[in-house]
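Report on the following structure.
Residue numbering restarts at 1 for every chain, and letters A, B, ... go by the order of the sequence lines.
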Amino acid sequence: MLSSLSNCSTSIYLHFPHVGDNFYIMNHLNQIRVRFAPSPTGYLHVGGLRTALYNYLFARKNNGVFVLRIEDTDRARYVEGAVENLIDTLNWCGLEYDEGPNKEGEYGPYIQSERLKIYHEHTERLIQTGNAYNCFCTAERIEKLREEQQKRNEQTKYDKHCLKLSKEEIQSKLNEGIPHVVRLNVTIDQKVIVDDIIRGRVEFDSNLIDDQVLIKSDGFPTYHLANVVDDHLMKISHVIRGEEWLPSTPKHVLLYKAFSWDLPIFAHLPLLFNPDKSKLSKRQGDVAVEDYRAKGYLKESLVNFVALLGWNPGTEQEIFSLEGLVNSFSLESVNKSGAVFNIEKLNAFNFEHLRLKNDKDVLAILKELLGKSKYANHTWSDESLLLIIEAMRPRISFVKEIIENSPYFFEAPSTYDEEVLKKRWKDDSSQQLEKLIDEFSKLTNPVKEQYEEALHNAANALEISNGKLIHGVRLAVSGVGGGPGLYDMLFILGKDETIRRIRTAIERMK
RNA sequence: GGCGCUAUCGUCUAACGGUUCAGGACGCUGCCCUCUCAAGGCGGUAAUACGGGUUCGAUUCCCGUUAGCGCUACCA
């Protein structure tokens, strides 16, 4: 496919800074510096989280620096409060950056809209060296050009029309204040090589690369210019980003070349997909980290799950803390192929991480949820909430399920599950439970074993099996057929409440 | 259309040419345990897209086909 290029007059063989098997030993940079460079569109996409995470892990693993840079060069997409939200979400995930907004390092500012002067100075250099030029073409002309090219089934690209303008013409147009952009002057017939840690060597034909706009007519740089200038100035050693950037990387390579700058090392991450393998999008479920946070996912599970989408430690371990991920992570073991974001597995991770959490943390979450629930006016002692947590933890994947699945710990049942009623409540149930109430009444401050003993006594006296009583009590006390062990439930509810609920049930079954 | 990337169970993945009738996890499912629901234990289900090479030997290397995805903006 590249045979037509075999007689190219020039080839760019770019500096490929790897030594032996170790990509990380670099000649020109002695410090690992990576960046996460989102555009503030309002929320953190889970794909963005994965990119941020890999950058973070790589930095931490290699004693490097993790930079957060805000790419807000598209004024049309500006969203109020997006940067604050982004930082908040990143912090919630535990991905603390070393340099960035509100945490200035040597290479700031870290918000691109505050770096306009830098981009213009660099663009001026490019124009002077002939690597870029002013373009005064109207949107209409470009549109028409594109249409014609499409009609002829040609590659759609700018025709370098304004490159032919004389110095005088340019100056006079500039003086007239005619709107213009600055374009990259891509030389033809070159082979542009991108070396990527994950994908190996990828070659591009420069004839297929458009004279990319570098500075828009509003004076803001495009991503292509800004990211190259900033990555260089911020001494970024490794550019770790999504695969959607791979096709425009040759443009970036050409820019580095035009500036006579060394290349960073590239690593293009595989994409995340919807269940139908299309690019992960809002239409098919939640894509914002904030959504998962709101739904009660633990940051530990989200981070752990997302880490394993495209990377694995080479062992069979799946459950990791953030520290564990740092220790095991390497860019070489990142996969090439995209991965489906599978909620079921995320849920399973939440289940696992929920049981790894200590009681105190779960208690804090539960109290927060209760405060936002219909039980906001009630208060429970930490002691009893801890007992509820202990009873429910093996049965849930989310803390909120304690409230959803076992409301009977917080209020008496108002209805009884019909199916269970049919199956477990017989004609003689009421009478049997009366006997049980007698036994329970004899107890003072009973512990769970005493409930068991009392129930046993009642069953013996009635000459029935324990099971007969147990199911009836469970239903009377909880309204449902499932849940923690009966005696645990009774102990948590307490003697008085237990008896009250059994009485209510007997009354209502009449 | 052009360019590029990718291709192992439904999904996430392991296997870095040969201890593989392809391993683990999620899901689904059977049994055990059990006062229920879970959890847990022990099983089961299910994959190398297709076709050519290279090789004594290909999931693994090469080529092609097919499919999926990405990019093709004065968006990132």
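- Atom name C1', nucleotides C9(B) and A47(B): the rounded distance is 4 Å, in whole Å.
- Atom C1' of A46(B) sits at a distance of 11 Å from the matching atom of G27(B), rounded to the whole Å.
- Across every strand in view, A58(B) sits unpaired, with no contact that passes the Watson-Crick or G-U test at under 3.5 angstrom.
- Counting non-hydrogen atoms under 4.0 angstrom, Gly483(A) reaches a base of the nucleic acid.
- Note on Arg146(A): only backbone sugar-phosphate atoms sit closer than 4.0 angstrom, heavy atoms only; bases stay farther off.
- Asn335(A) comes within 4.0 angstrom of the backbone, heavy atoms only, and of no base.
- His161(A) has its ring centre no less than 6.0 Å from the ring centre of Tyr133(A).
- As judged by a 4.0 angstrom heavy-atom cut-off over every strand, Thr73(A) is placed among residues touching the sugar-phosphate backbone only.
- If you check every strand for non-hydrogen atoms under 4.0 Å, Phe351(A) touches sugar and phosphate atoms only.
- Rounded to whole Å, the C1' atom of G24(B) lies 15 Å from the corresponding atom of U45(B).
- Side-chain proximity of Thr222(A) to U6(B), A76(B), C71(B): nearest is A76(B).
- At the heavy-atom level, Pro484(A) lies under 4.0 Å from base atoms of the strands shown.
- Annotation: C28(B) and G10(B) have their P atoms spaced 16 Å apart (nearest Å).
- For Arg395(A) and C37(B), a side-chain-to-base donor-acceptor distance below 3.5 Å is present, hydrogens and geometry of angles not being considered.
- Among the heavy atoms of the strands lying under 4.0 Å from Leu486(A) is at least one base atom, whether or not backbone atoms are also near.
- Comparing the same atom, P, in A49(B) and in U8(B) gives a spacing of 6 Å after rounding to whole Å.
- Across all strands shown, G70(B) forms a Watson-Crick or G-U wobble pair with C3(B), both key distances being under 3.5 Å.
- Using a 4.0 Å heavy-atom cutoff across all strands shown, Gly485(A) reaches at least one base atom of the nucleic acid.
- Distance CZ (Phe305(A)) to P (G27(B)): 12 Å, rounded to an integer number of Å.
- Applying the 3.5 Å distance criterion, the base of A25(B) shares a donor-acceptor pair with the side chain of Lys345(A).
- Around the NE2 atom of His456(A), the shell of radius 6.0 Å holds no more than 12 heavy atoms that belong to other residues, nucleotides or ligands.
- Within 4.0 Å of Val181(A), counting heavy atoms only, lies at least one base atom of the nucleic acid.
- Between the P atom of G4(B) and the CG atom of Leu271(A) lies a distance of 18 Å, rounded to the nearest Å.
- If you take CG of Asp276(A) and C1' of A67(B), they are 14 Å apart, rounded to a whole angstrom.
- Rounding to whole angstrom units, CG of residue Asp210(A) and C1' of C74(B) are separated by 12 Å.
- Glu318(A) comes within 4.0 angstrom of a base, heavy atoms only.
- Nucleic acid contact for Thr156(A): sugar-phosphate only, since backbone atoms but no base atoms lie under 4.0 Å from a heavy atom of the residue.
- Within the shown strands, G41(B) is the pairing partner of C31(B) under the Watson-Crick or G-U definition, both distances less than 3.5 Å.
- C62(B) and A25(B) have their C1' atoms separated by 33 Å, given to the nearest Å.
- Annotation for Lys160(A): atom NZ counts as buried by contact number, over 12 foreign heavy atoms lying within 6.0 Å.
- Rounded to whole Å, the separation between the P atoms of G2(B) and G44(B) comes to 49 Å.
- Taking 4.0 angstrom as the limit, Arg75(A) places none of its side-chain polar atoms (N or O) nearer than this to OP1 or OP2 of C75(B).
- The same atom, C1', is picked in C5(B) and in A58(B); the two are 24 Å apart, to the nearest Å.
- At a threshold of 4.0 angstrom between heavy atoms, the contacts of Asn312(A) are confined to the sugar-phosphate backbone, with no base atom among them.
- Protein atom NZ of Lys277(A) is 11 Å distant from nucleotide atom P of A7(B), rounded to whole Å.
- Centroid-to-centroid, the aromatic rings of Tyr416(A) and Trp425(A) stay 6.0 Å apart or farther.
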**Report entry** Asp230(A) and Tyr119(A): CA distance, side-chain angles, deciding distance, side chain to side chain donor-acceptor pair (under 3.5 Å) verdict
**Finding:** CA-CA 9 Å; Asp230(A) 288 348; Tyr119(A) 305 126; 2.6 Å; yes

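- When rounded to the nearest whole Å, the span between CG of Asn342(A) and P of G10(B) equals 13 Å.
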Requested in this report: Evaluate salt bridge (charged side-chain N to carboxylate O under 4.0 Å, His left out) for Glu439(A) paired with Lys435(A), printing each intermediate quantity in order.
Outcome: CA-CA 7 Å; Glu439(A) 290 296 329; Lys435(A) 175 67 187 161; 3.6 Å; yes

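- Nucleotide C26(B) forms a pair with G10(B), judged by Watson-Crick or G-U wobble geometry with both contacts under 3.5 Å.
- Using a 4.0 Å heavy-atom distance criterion, Arg199(A) is classed as a sugar-phosphate-only contact.
- The pair Lys468(A)-Asp428(A) fails the salt-bridge criterion, with no side-chain N (NZ, NE, NH1 or NH2) lying under 4.0 Å from an Asp/Glu carboxylate O.
- Within 4.0 Å of Phe349(A), counting heavy atoms only, lies no atom of the nucleic acid at all.
- Remark: P of U13(B) and CZ of Phe341(A) are 13 Å apart, rounded to the nearest angstrom.
- The aromatic ring centres of Phe341(A) and Tyr292(A) sit less than 6.0 Å apart.
- Atom CD of Gln112(A) and atom P of C75(B) are 13 Å apart (whole Å).
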